[in-house]
Colleague: 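Please see the structure below; I have some questions.
One-based numbering along the sequence shown.
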Amino acid sequence: MDGHDTKHRDEQRFHGIAVAQGIARHTAVVHFSEEEEILPRPLDEADLPSEILRFEAALIATRVEILEIQQKITTAIGAQDASIFDAHLLVVEDRTLIDEVLRGLERERLNVEYIFQQVARRYCATLEAIDDPYLSERVVDIEDVSHRVIRHLLGKASRNPAAQSAPHIIVAHNLTPSDTAQLDRGLVQGFVTEVGSKTSHTAIMARSLEIPAIVGMQGICQQIQTGDDILIDGYSGLLILNPSSATLAAYERLARQKAQVAERLRLIRETASTTRDGRHIILSANVDLPEDLSDVAANGAEGIGLFRTEFLYLNREAPPGEEEQLEHYRNAAQLALPHSVIIRTLDIGGDKLASSLDTPEEENPFLGCRAIRFCLENPSIFKTQLRAILRAATLNNIRIMYPMISGVEELRLANRILEECKQELGSAGIPFNPWIEVGIMVETPSAVFTADHLARESRFFSIGTNDLIQYSIAVDRLNQRIAHLYNPTHPSILRMIRMVVDAGRAKGIWTGICGEMAADITLTPLLIGLGIEELSATSALVPRVKKAVQSLDASACEALAASALGLEDSAEILARSLAMAREHYGELLD
Ligand code: PEP
Ligand code: MG
């Protein structure tokens, strides 16, 4: 008997890290990871007949699945291409393989998925050892089919998003930013992953897609099966399997309360983000996917403070050309009017790998050929983007921002390439904006400590706290094991923000923040107090930040920041900022 069927249907609760707010209750779809190691589970002799039945049912389900795929392909592109699945059908019908699994079951009395995986692996290893191209192809067939059979035995779903047609919540070991970019917003109502962190790009995207999400829920793929009834609470990081009626009633109340707060925030959409004592803080939006553009004005943001252009390069064969990029940037600029758009040049690398670009695997990708480094190594890709930005900037509301600048030489190299682009466009008689403003992201300690030099050659600074924290405290932003060390209120981070603001002010340029700290309303008092002039957050969170700004006094924030800068303890710094936040907009924090 399948272990899952014997489970009681009582409510069960699991905890993870909440990364995107909201509540969702739906059927779970558990993604099967091909690398997943199946653990052996001893069986009683009495369990053997039901285990054999389970195996037979999985073979039949796999057969039906293959026939359905074959049918779809025949209809779409013809019988010729669909015939490759004949070989897959032969694998599910292979008597030698099936008999070996049955004998293994009798002999070892272990769960059938474990036995099957061992037998299939042995088969593949034997065939691989023979130098014959026909047999090598059979290895691929056997691997493909055995993954399907195991998926059916475990009651898990295909990773292929097209295989789903009803609303559901994804449960997966991991989702990459590329996977997340492809999620069908109409169907995916939430997701839960075993790994991940708050500032991974997958989590950042969940917030911008407004999909409730929880990460770092270790072992959850073993606990949940496709078809289970689950509720996820993206406020507290709780997954509830088989929610009881009392739980559902409590969540209905919570959802109503959150909806009331959202309605109150909607009313301030058109108002200015100005503190009670009259300091205007520019409140702009981060845009990850072109689809996010319509949310910017809808949430009352003052333009776009960070356009993450790398998402234009993901999930495609070739990088976007100049004309295609021009269209995206022009569209963003038009939608942002009368405000501006800060276009960040390509920040590929780290956890964002583009199949369309030659980004080789690296030992330490976040310390590797990422962002501006990649662009300087690949000038033709960089130039295509710069030309498109320069051309779109004729609307006069576009600024350029380089990511991960580590010092003034790098900034000069990037600017030299920008100048070449201007000259080329000029000689070709193509209209562009020669006066475009160029700023940098401050996200490395080396940029902080040379901010006085950088300020002479930049028109603005935008602090990328997601990276600045990881590089300063030496905490991998993706590693949930050390997530407790990833600390935005570490005294060093406060001091660095202050240094950057001071260096900028000395040269008359403004400093903003576009990392996730900008959206964290427990920290708004501190950031205003440190002299930050612009906050750029995921559109959906802009109304909350606006309410926070409007509720605060800049002078009180300055006093708070001055005292916080003298503290040694990050928890104490957080507590003081939180106390001020609670005093002024406690209703947003519950
Ligand atoms: C940052 O590092 O804070 C930032 C905004 O850039 P990204 O999260 O895309 O690395
Ligand atoms: Mg960054």
Side-chain angles (χ1 to χ4, degrees), residues 14-26 28-31 159 161 164 167-218 220-221 224 230-240 255 258 262 285-296 298-299 306-308 310-311 314-315 347 350-352 465-466 477-480 483 486 514-521 536-545:
F14 305 89
H15 293 269
I17 306 168
V19 294
Q21 298 187 338
I23 299 158
R25 181 201 172 195
H26 271 280
V29 168
V30 185
H31 278 193
R159 275 188 87 82
Q164 307 303 329
H168 58 276
I169 296 172
I170 293 177
V171 178
H173 175 67
N174 191 16
L175 288 177
T176 64
S178 309
D179 293 333
T180 315
Q182 287 189 92
L183 294 181
D184 183 332
R185 280 186 193 202
L187 295 179
V188 178
Q189 306 293 308
F191 69 76
V192 180
T193 59
E194 295 188 323
V195 297
S197 64
K198 267 194 170 151
T199 51
S200 68
H201 285 96
T202 297
I204 291 172
M205 287 177 75
R207 291 191 280 277
S208 84
L209 294 167
E210 295 185 60
I211 297 177
I214 305 174
V215 302
M217 200 175 268
Q218 287 176 25
I220 196 65
C221 291
I224 305 291
I230 60 172
L231 181 148
I232 63 170
D233 173 351
Y235 298 100
S236 67
L238 197 60
L239 180 155
I240 305 175
K258 297 288 179 192
N286 289 354
V287 165
D288 298 335
L289 297 167
E291 299 94 281
D292 297 342
L293 285 170
S294 55
D295 299 337
V296 175
N299 283 294
L306 168 65
F307 188 142
R308 285 189 167 96
E310 48 280 3
F311 288 95
L314 301 185
N315 300 315
D347 180 1
D351 59 344
K352 291 170 291 192
T465 47
N466 304 339
R477 67 192 260 194
L478 301 184
N479 185 343
Q480 81 260 31
Y486 188 95
C514 61
E516 296 304 293
M517 261 178 106
D520 183 347
I521 53 171
S536 191
T538 296
S539 296
L541 299 176
V542 161
R544 290 159 57 81
V545 185

Colleague: Where do Glu291 and Ser294 come nearest, in terms of heavy atoms and distance?
Modeller: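 That closest heavy-atom pairing would be O-OG, 3.6 Å.
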
Colleague: If you look at every heavy atom in Ser200 and Leu478, which pair is closest and at what distance?
Modeller: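 Answer, listing the atom of Ser200 first, then Leu478: CB-CD2, 3.3 Å.
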
Colleague: If you measure from NZ on Lys198 to CD1 on Ile204, what distance do you get to the nearest 0.5 Å?
Modeller: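 The CD1 atom of Ile204 is 12.5 Å from NZ of Lys198, to the nearest 0.5 Å.
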
Colleague: Do Asn286 and Ser208 have side chains that get closer than 4.5 Å, going by heavy atoms?
Modeller: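 Heavy-atom side-chain distance check fails, nothing below 4.5 Å.
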
Colleague: Should Val296 and Val287 count as side-chain neighbours, where that means a heavy-atom distance under 4.5 Å?
Modeller: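 The answer is yes; the side chains approach within 4.5 Å.
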
Colleague: Can you tell me how far OG1 of Thr538 sits from CG of Leu306, rounded to the nearest 0.5 angstrom?
Modeller: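 These two atoms lie 9.0 Å from each other.
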
Colleague: Are any non-hydrogen side-chain atoms of His168 and Ile170 less than 4.5 angstrom apart?
Modeller: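 Heavy-atom side-chain distance check passes, below 4.5 Å.
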
Colleague: Could you give the distance from CE (Met205) to CD1 (Ile211), rounded to the nearest 0.5 Å?
Modeller: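 It comes to 8.5 Å.
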
Colleague: Going by an N to O cut-off under 4.0 Å, is there a salt bridge joining Glu516 and Arg207?
Modeller: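 Yes, this pair counts.
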
Colleague: Report yes or no: does Thr193 contribute a side-chain atom to a donor-acceptor pair with the main-chain N or O of His173 at less than 3.5 Å?
Modeller: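 Not a single qualifying donor-acceptor pair exists.
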
Colleague: Contact between Ile224 and Leu239 at the side-chain level, heavy atoms closer than 4.5 Å - yes or no?
Modeller: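 Of all side-chain heavy-atom pairs linking Leu239 with Ile224, at least one is under 4.5 Å.
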
Colleague: A side-chain contact here means heavy atoms from C-beta on lying under 4.5 Å apart; do Val188 and Leu209 qualify?
Modeller: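 Contact flag for Val188/Leu209 side chains = no.
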
Colleague: Counting C-beta onward and ignoring hydrogens, is there a side-chain heavy-atom pair between Glu194 and Asn174 closer than 4.5 Å?
Modeller: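 Side chain of Glu194 against side chain of Asn174, heavy atoms only: no contact under 4.5 Å found.
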
Colleague: Which atom pair, heavy atoms only, marks the closest approach of Gln189 to Ala24?
Modeller: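 Minimum heavy-atom contact is O-CB, 3.3 Å.
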
Colleague: Under 3.5 Å, side chain of Tyr486 to main-chain N/O of Asn479, donor-acceptor pair present?
Modeller: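 No; judged by distance alone, with no hydrogens or angles, the pair does not exist.
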
Colleague: Is there a donor-acceptor pair closer than 3.5 Å between any side-chain N or O of Asp288 and the backbone N or O of Phe311?
Modeller: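 The answer is no, because no donor-acceptor pair under 3.5 Å joins these two groups.
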
Colleague: Shortest non-hydrogen contact from Tyr235 to Ala18?
Modeller: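 That closest heavy-atom pairing would be O-CB, 3.6 Å.
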
Colleague: CG of Asp520 to CZ of Arg544: how many Å apart, nearest 0.5 Å?
Modeller: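 Reported to 0.5 Å precision, the distance equals 8.5 Å.
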
Colleague: So, for Ala518 and Ser536, which heavy atoms are closest and what is the spacing to 0.1 Å?
Modeller: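 Closest heavy-atom pair between Ala518 and Ser536: CB-O, 3.5 Å.
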
Colleague: State the CG-CZ distance between Leu289 and Arg308, to the nearest 0.5 angstrom.
Modeller: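 The distance works out to 10.5 Å.
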
Colleague: Would you find a donor on one side and an acceptor on the other, under 3.5 Å apart, between the side chain of Thr202 and the backbone of Leu175?
Modeller: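 A pair under 3.5 Å: yes.
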
Colleague: Please give me the minimum heavy-atom distance between Asp233 and Ser236, naming the atom from each residue.
Modeller: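 So the minimum-distance heavy-atom pair works out to OD2-OG, 2.9 Å.
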
Colleague: To the nearest 0.5 Å, tell me how far Thr465 OG1 sits from Arg477 CZ.
Modeller: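 Separation between the atoms: 9.0 Å.
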
Colleague: Taking the side chain as every heavy atom from C-beta outward, state whether Ile214 and Phe14 have any atom pair closer than 4.5 Å.
Modeller: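 Ile214 does not reach Phe14 side chain to side chain.
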
Colleague: Is the backbone of His201 close enough, under 3.5 Å, to the side chain of Asp351 for a donor and an acceptor to pair up by distance?
Modeller: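 Pair found, side chain donor or acceptor close to backbone of His201.
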
Colleague: For Gln480 and Val215, what are the C-alpha separation, side-chain angles and deciding distance, and is it a side-chain contact (heavy atoms from CB on, under 4.5 Å)?
Modeller: CA-CA 9 Å; Gln480 81 260 31; Val215 302; over 6 Å; no

Colleague: Any heavy-atom pair between the side chains of His31 and Val171 that's under 4.5 Å?
Modeller: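 Of all side-chain heavy-atom pairs linking His31 with Val171, none is under 4.5 Å.
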
